Peer 1: 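Pasting a structure below so you can have a look.
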Amino acid sequence: MCCNRQGRAGFLLALLLLAAAPPDPRFGVVESPEAPERAAELGVAWTRVRFAWHEIQPNGPQDWNPPWPAERLEAERRAGREIVALVLGTPRWAQADPKIPGVPRGLYEEESRPENLWAAFLRRLATTYPYIRTWIIWNEPDIWDPAYPGYTWGGSEADFVRLVRVAYRTLKGLNRESRVLLGAFTYWWDAVYGRRPYFERFLEALAQDPEAPRYNRYFDGLCVNLYFNPDSIYELIRWHHERMQAHGFDKPIWLTETNAAPSEDPTWPVTRPMFRVTLEEQAAFIGQAVALAFAAGAERVAVYKLIDNPTDHFANPEPFGLVREDGTPRPAFQAYRVAIRLLGRLRDAARVRHDTVAVVEVERADAWVRVAWSRVPAPQTVILARRGSLRLAVDGLGRPVPVEGLPTGYRVLLPGARCAQRLGGACMIGGMPVYIVESIPPSARLPR
């Protein structure tokens with residue numbers, strides 16, 4: 001509880017500004033039908049839901065097992081959340097070769113022919129859900145280890161180009177307004193093992209298809225799944241843009257999965273985590289990752305995932321939910337809520353400092369927002385130039401932060417990083433970010 005009039009006023013102002021706002025289409029979450037009331041609290045505008053072919057038609061084309069009850073998807077629509085479909089997974093009966101997962105039989109037949117099983121499935125799926133207008137084709141085809149649970153694609157890069165081509169032409173043939181996104185890449189499955197990134201190999205295979213330019217190269221945008229290290233999110237979103245530009249084009253990028261799963265939640269202890277992450281660091285990561293993703297040029301962002309479920313214990317050593325299986329929120333839930341409220345309606349964003357301190361400047365329609373955090377264990381003092389009139393100063397969890405006014409700016413103390421995990425000698429996740437929000441004239445633009 002704040003102990004003086006000024007503190008109480010700042011606290012009440014923070015609550016007011018963090019109240020529910022119209023959803024911004026940039027912000028999403030994975031699988032909100034599992035906890036729709038929590039999705040409403042967050043204020044997300046879209047959700048990614050999974051449609052696995054091998055689960056929908058496990059034994060043959062006569063099967064049809066919808067992965068989601070119709071009423072749950074209808075509830076999402078009534079709540080105003082856009083449903084984005086992730087389509088992946090070839091059932092064994094439909095594989096061209098039982099030893100090669102992913103590649104469907106008849107893939108190189110024309111889309112209109114019944115022998116093209118992939119096209120036939122997509123046609124039925126899109127007809128069953130005519131209100132779905134955005135389709136993500138596959139997920140993480142760069143995972144190459146057959147022993148890994150996420151291994152779903154064993155075909156060549158040329159096969160993957162063909163998979164995307166068939167999907168694009170089929171879905172656009174049904175509805176020209178459909179948006180077809182290239183399935184997300186992890187990047188690290190190649191980089192860690194010294195392999196050339198799959199996306200580069202895909203682009204080279206795509207360049208061999210003479211019809212690709214005529215059909216918008218078979219995708220309207222691409223997705224990336226990036227975790228744990230906020231700095232790598234910024235660098236790799238830019239890297240994917242640069243790779244497309246090197247091939248003579250560029251497309252929007254969606255960060256469809258991001259998070260830093262905690263290893264130290266007492267309700268889900270992890271004995272051998274990939275990275276050590278505290279609950280507070282997970283919350284700090286959310287604000288840093290979202291700000292850096294938009295600064296790098298991401299069009300949309302989604303956190304994986306909204307809530308833990310029983311199957312997650314078999315798939316992941318760490319818990320990725322913003323909400324625990326018992327329904328209680330982790331601090332990261334509030335951190336994402338704050339980020340959505342304060343960075344929503346952005347018009348532009350840029351990373352303007354990257355040393356012991358990171359600063360991202362965000363231009364909103366009605367405000368300038370600076371997101372700043374310490375990248376080292378020691379607290380850091382940062383001086384920010386005045387852009388307008390100070391409206392709000394809170395940390396990544398929405399708690400008021402003291403600000404010292406200067407003649408031309410503000411002095412803010414940034415808490416040091418917990419630094420439970422180091423990468424290359426640096427803290428993987430910085431300290432809790434601070435948001436400085438200033439009102440600006442409607443005609444003003446953020447200087448660059």
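Quick note: residue numbers are just sequence positions, from 1. If you're wondering where the values come from, they're calculated on a predicted model, not measured in any experiment.
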Peer 1: Are Arg77 and Tyr131 close enough that a side-chain donor and a side-chain acceptor fall under 3.5 Å?
Peer 2: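 No, no side-chain donor-acceptor pair sits under 3.5 Å.
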Peer 1: Please determine which of Arg347, Arg387, Arg351 meets the salt bridge (Lys or Arg N to Asp or Glu O under 4.0 Å) test together with Glu361.
Peer 2: Arg387
Peer 1: Kindly confirm or rule out a cation-pi arrangement of Arg195 over Trp189, judged by NZ or CZ under 6.0 Å from the six-membered ring centre and within 45° of its axis?
Peer 2: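 No, Arg195 does not sit over the ring of Trp189.
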Peer 1: Around atom CZ of Arg238, are there more than 12 heavy atoms of other residues, nucleotides or ligands at under 6.0 Å?
Peer 2: no
Peer 1: Between Ile132 and Thr134, does the side chain to side chain contact (heavy atoms under 4.5 Å, CB included) criterion hold? Intermediate values first, please.
Peer 2: CA-CA 6 Å; Ile132 295 180; Thr134 301; 5.7 Å; no
Peer 1: Checking Ile137 against Leu171 for the side chain to side chain contact (heavy atoms under 4.5 Å, CB included) test, could you report, in this order, the C-alpha distance in whole Å, the side-chain angles of both residues, the deciding distance, and whether it holds?
Peer 2: CA-CA 11 Å; Ile137 306 305; Leu171 294 168; 4.1 Å; yes
Peer 1: Under 3.5 Å, is there a donor-acceptor pair linking the side chains of Asn225 and Thr256?
Peer 2: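 A donor-acceptor contact under 3.5 Å links the two side chains.
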Peer 1: Going by atom types alone, do Thr356 and Gln380 pair a side-chain donor with an acceptor below 3.5 Å?
Peer 2: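 Yes, side-chain donor-acceptor contact under 3.5 Å.
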Peer 1: Which donor-acceptor pairs under 3.5 Å do side chains of residues 292-308 form with protein atoms, sequence neighbours excluded?
Peer 2:
{"unit_1": "Glu299", "atom_1": "OE2", "unit_2": "Trp254", "atom_2": "NE1", "d": "2.9"}
{"unit_1": "Arg300", "atom_1": "NE", "unit_2": "Pro25", "atom_2": "O", "d": "3.2"}
{"unit_1": "Arg300", "atom_1": "NH1", "unit_2": "Glu82", "atom_2": "OE1", "d": "2.9"}
{"unit_1": "Arg300", "atom_1": "NH2", "unit_2": "Glu82", "atom_2": "OE1", "d": "3.1"}
{"unit_1": "Lys305", "atom_1": "NZ", "unit_2": "Ile307", "atom_2": "O", "d": "3.4"}
{"unit_1": "Lys305", "atom_1": "NZ", "unit_2": "Asp312", "atom_2": "OD1", "d": "3.2"}
{"unit_1": "Lys305", "atom_1": "NZ", "unit_2": "Asp312", "atom_2": "OD2", "d": "3.0"}
{"unit_1": "Asp308", "atom_1": "OD1", "unit_2": "Gly321", "atom_2": "N", "d": "2.8"}
{"unit_1": "Asp308", "atom_1": "OD2", "unit_2": "Arg330", "atom_2": "NH1", "d": "2.9"}
{"unit_1": "Asp308", "atom_1": "OD2", "unit_2": "Arg330", "atom_2": "NH2", "d": "3.0"}

Peer 1: Quick one: does Arg391's side chain get under 4.5 Å of Asp366's, heavy atoms only?
Peer 2: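 Yes; the side chains approach each other to less than 4.5 Å.
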Peer 1: Distance only, no hydrogens: is a donor on one side chain within 3.5 Å (strictly under) of an acceptor on the other, for Glu55 and Asn65?
Peer 2: no
Peer 1: State whether a side-chain donor-acceptor pair under 3.5 Å links Tyr227 with Glu257.
Peer 2: yes
Peer 1: Find the distance between CD1 (Ile237) and CD (Glu235) and round it off to the nearest 0.5 Å.
Peer 2: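 Here the rounded value is 10.5 Å.
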Peer 1: Would you tabulate the side-chain donor-acceptor contacts of residues 413-436 under 3.5 Å, counting partners in other chains and residues two or more places apart, or write 'none'?
Peer 2:
{"unit_1": "Gln421", "atom_1": "OE1", "unit_2": "Arg276", "atom_2": "N", "d": "3.0"}
{"unit_1": "Arg422", "atom_1": "NH1", "unit_2": "Gly425", "atom_2": "O", "d": "2.7"}

Peer 1: Between Lys251 and Asp220, does at least one N-O distance fall below 4.0 Å, as a salt bridge requires?
Peer 2: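 No, this pair does not count.
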Peer 1: State plainly whether the residues Arg26 and Asp24 are in salt-bridge range, i.e. N to O under 4.0 Å.
Peer 2: yes
Peer 1: Taking all non-hydrogen atoms of both residues into account, name the closest pair between Pro141 and Phe160 and its distance.
Peer 2: CG-CZ, 3.6 Å
Peer 1: State, with a plain yes or no, whether a side-chain heavy atom of Phe199 is found less than 4.5 Å away from one of Leu182.
Peer 2: yes
Peer 1: Under a 3.5 Å threshold, yes or no: a donor from one side chain and an acceptor from the other, between Glu76 and Ser32?
Peer 2: yes
Peer 1: Is there a side-chain contact between Tyr129 and Arg124 (heavy atoms, below 4.5 Å)?
Peer 2: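 Not in contact.
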Peer 1: Can Asn216 and Lys172 be counted as having a side-chain donor-acceptor contact under 3.5 angstrom?
Peer 2: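 There is no such pair (donor and acceptor under 3.5 Å, judged by atom type) between the side chains of Asn216 and Lys172.
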Peer 1: Would you mind checking if Arg370 and Glu438 are paired as a salt bridge, meaning a charged N to carboxylate O distance below 4.0 Å?
Peer 2: yes
Peer 1: Is Asp265 salt-bridged to Arg324, cutoff N-O under 4.0 Å?
Peer 2: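 Arg324 and Asp265: salt-bridged.
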Peer 1: For Trp118, enumerate each residue passing the ring pair (Phe, Tyr, Trp, His ring centres under 6.0 Å) test, keeping only those at least two apart in sequence or located in another chain.
Peer 2: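 Partners of Trp118 under the ring pair (Phe, Tyr, Trp, His ring centres under 6.0 Å) test: Trp53, Trp138.
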Peer 1: Just do the ring-ring contact (aromatic ring centres under 6.0 Å, His included) check on Trp144 and Tyr151 with the steps written out, would you?
Peer 2: CA-CA 6 Å; Trp144 49 263; Tyr151 175 69; 8.9 Å; no
Peer 1: Could you check Trp239 against Tyr187 for ring-ring contact (aromatic ring centres under 6.0 Å, His included), going step by step and ending with a plain yes or no?
Peer 2: CA-CA 10 Å; Trp239 179 87; Tyr187 179 83; 5.2 Å; yes
Peer 1: Taking it one step at a time, do Leu88 and Phe51 satisfy side chain to side chain contact (heavy atoms under 4.5 Å, CB included)?
Peer 2: CA-CA 7 Å; Leu88 78 165; Phe51 291 86; over 6 Å; no
